[in-house]
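Everything below concerns the one structure shown next.
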Amino acid sequence: MCVPPAEPGPATRSVASADVVAVVEAYAELARRVLARPARLGRTRLVAVDGPSGAGKSVFADRLADALAALPGGGRPPMVHTDDLLDGWADQFTFWPRLEVRVLAPLRAGRPGGYQRYSWVRREFLPRVVPVPVTPVLIVEGVSAGRRAVRPETTLTVLVDAPAELRLARAVARDGTGILPELRRWHAAEGAHFAADGTATGVDLVVDGAPTLPHDDRRYYVRGPGGGT
């Protein structure tokens, strides 16, 4: 069934095909929606950007952070990448207590947090503590960042997704073919996690990490099917 496109405005544009409507939305409008919503992690609005590896989570998170910084009186929010908290490949999902104890729990209590960043070259956590101040918005980006356990405290949860073969190619282009054995195991595990967690239906917003619709990708993103926002 063909669904008529919405009337385009300054922040949203819809394009209908035979089966779906592709919706192009502005990062600036999403940033305004984040700030208009209540904080649920102490005084902080927690934005979780989830999705499989290679989907485009970091790009989306960076551009949302830029949009938040560009708002009147705004500032660029701190960002925690969950890859920095992993104790190597085997810590794919079990890193969470580290994030909870060192970042989420202090912010929940109105206190700054901090964490040590894992070095994938040295294969150990670096001694310097990365501070996470109490700010109006915190972005946590990475695989399982929007897991079911944290959603009651998030102001916005986002799932960025892209086709599996494209995600694999992006990761190999970034890190080399030497990671392929670990990466294939990683992809299988994250697929099982997302299915068990109900991520696609539990998040507020699903974003197409490999859109074919022409748009200014620094100012706009393409919304995928699903999500509640």
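Along the sequence shown, the residues carry numbers beginning at 1.
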For Ala105, the side-chain contact (heavy atoms from CB on, under 4.5 Å) test, sequence neighbours excluded, returns Glu100, Arg108
- Would Val129 and Leu99 show up in the same hydrophobic cluster when neighbours are defined by side-chain heavy atoms closer than 4.5 Å? no
Residue set satisfying side chain to side chain donor-acceptor pair (under 3.5 Å) with Arg151, at least two apart, ordered chain then number -> Asp197
**Prompt:** Would Arg184 and Leu168 count as a side chain to side chain contact (heavy atoms under 4.5 Å, CB included) if you check the C-alpha gap in whole Å, the side-chain angles of each, and the deciding distance to 0.1 Å?
**Reply:** CA-CA 8 Å; Arg184 292 190 185 280; Leu168 187 67; 3.6 Å; yes
Those residues at least two apart in sequence (or on a different chain) that pass side chain to side chain donor-acceptor pair (under 3.5 Å) with Ser144 are Arg147
Taken in chain and number order and not counting sequence neighbours, the residues that satisfy side chain to side chain donor-acceptor pair (under 3.5 Å) with Asp66 are Arg76
Between Asp217 and Arg63 the two heavy atoms that sit nearest each other are O-NH1, 2.9 Å
Hits for side-chain contact (heavy atoms from CB on, under 4.5 Å) against Thr135, two or more places apart or cross-chain, chain-then-number order -> Pro78, Pro133
Tell me whether Leu107 is reachable from Val101 by hopping between hydrophobic residues (I, L, V, M, F, W, Y) whose side-chain heavy atoms are closer than 4.5 Å. no
One should read off an interatomic distance between Lys57 NZ and Asp161 CG, to the nearest 0.5 angstrom, of 9.5 Å
Val137 side chain near Val34 side chain, heavy-atom distance below 4.5 Å
yes
(request) State, with a plain yes or no, whether a side-chain heavy atom of Val203 is found less than 4.5 Å away from one of Val158. (result) no
Residues pairing under side-chain hydrogen bond (donor to acceptor under 3.5 Å, both in side chains) where one sits in residues 45-56, two or more places apart or in two chains, turn out to be Ser53-His187, Ser53-Glu190
For residues 55-82, the ring pair (Phe, Tyr, Trp, His ring centres under 6.0 Å) pairs (sequence neighbours left out) are Tyr27-Phe60, Phe60-Tyr221
All heavy atoms of Leu159 vs all of Gly51, minimum pair found to be CD1-CA, 3.4 Å
Is a side-chain N or O of Arg40 found less than 3.5 angstrom from the main chain of Thr154, in a donor-acceptor match?
yes
Inset, instruction - Say whether Leu156 and Val143 are linked into one hydrophobic cluster, either directly or through other cluster members, by side-chain heavy-atom distances under 4.5 angstrom. - result: no
Please determine whether residues Leu85 and Trp186 belong to a single hydrophobic cluster, defined as Ile, Leu, Val, Met, Phe, Trp and Tyr linked transitively by side-chain heavy-atom distances below 4.5 Å. yes
Q) Between Val49 and Val140, does a side chain to side chain contact (heavy atoms under 4.5 Å, CB included) hold up when you go through it step by step? A) CA-CA 6 Å; Val49 181; Val140 176; over 6 Å; no
Closest non-hydrogen contact found for Ala162 with Arg170 is CB-NH1, 4.1 Å
By ring pair (Phe, Tyr, Trp, His ring centres under 6.0 Å), Phe95 pairs with (sequence neighbours left out) none
When every non-hydrogen atom of Gly113 is compared with those of Pro106, the smallest separation belongs to CA-CB, 3.9 Å
- Message: Tell me if the CZ atom of Arg185 is crowded by more than 12 foreign heavy atoms within 6.0 Å.
- Response: yes
Hits for side-chain contact (heavy atoms from CB on, under 4.5 Å) against Val130, two or more places apart or cross-chain, chain-then-number order -> Tyr115, Arg117, Arg128
For Pro211 and Val222 the tightest heavy-atom approach is CB-CG2, 3.6 Å
- Between Arg123 and Asp87, is any pair of side-chain heavy atoms under 4.5 Å apart? no
Sorted by chain and residue number, the side chain to side chain donor-acceptor pair (under 3.5 Å) partners of Thr94 (sequence neighbours excluded) come out as Asp91
Residue pairs meeting ring pair (Phe, Tyr, Trp, His ring centres under 6.0 Å), one or both in residues 119-169, sequence neighbours left out, come to Trp89-Trp120, Tyr118-Trp120, Tyr118-Phe125
### Chi angles and distances behind the side chain to side chain contact (heavy atoms under 4.5 Å, CB included) call for Arg33, Glu25
CA-CA 12 Å; Arg33 293 208 303 266; Glu25 297 184 334; 4.0 Å; yes
By side-chain contact (heavy atoms from CB on, under 4.5 Å), Arg122 pairs with (sequence neighbours left out) Ser119, Glu124, Leu126
From the list Leu68, Val47, Leu205, Val207, side chain to side chain contact (heavy atoms under 4.5 Å, CB included) partner of Leu30 resolves to Leu205
In short, Thr44 meets Val134 closest at the heavy-atom pair OG1-CG1, 4.2 Å
Exercise. Give a yes or no on whether the backbone of Pro38 and the side-chain of Thr155 come within a donor-acceptor separation of less than 3.5 Å.
Key: yes
query = Any chain of hydrophobic side-chain contacts (each under 4.5 Å) joining Leu104 to Met79?
reply = no
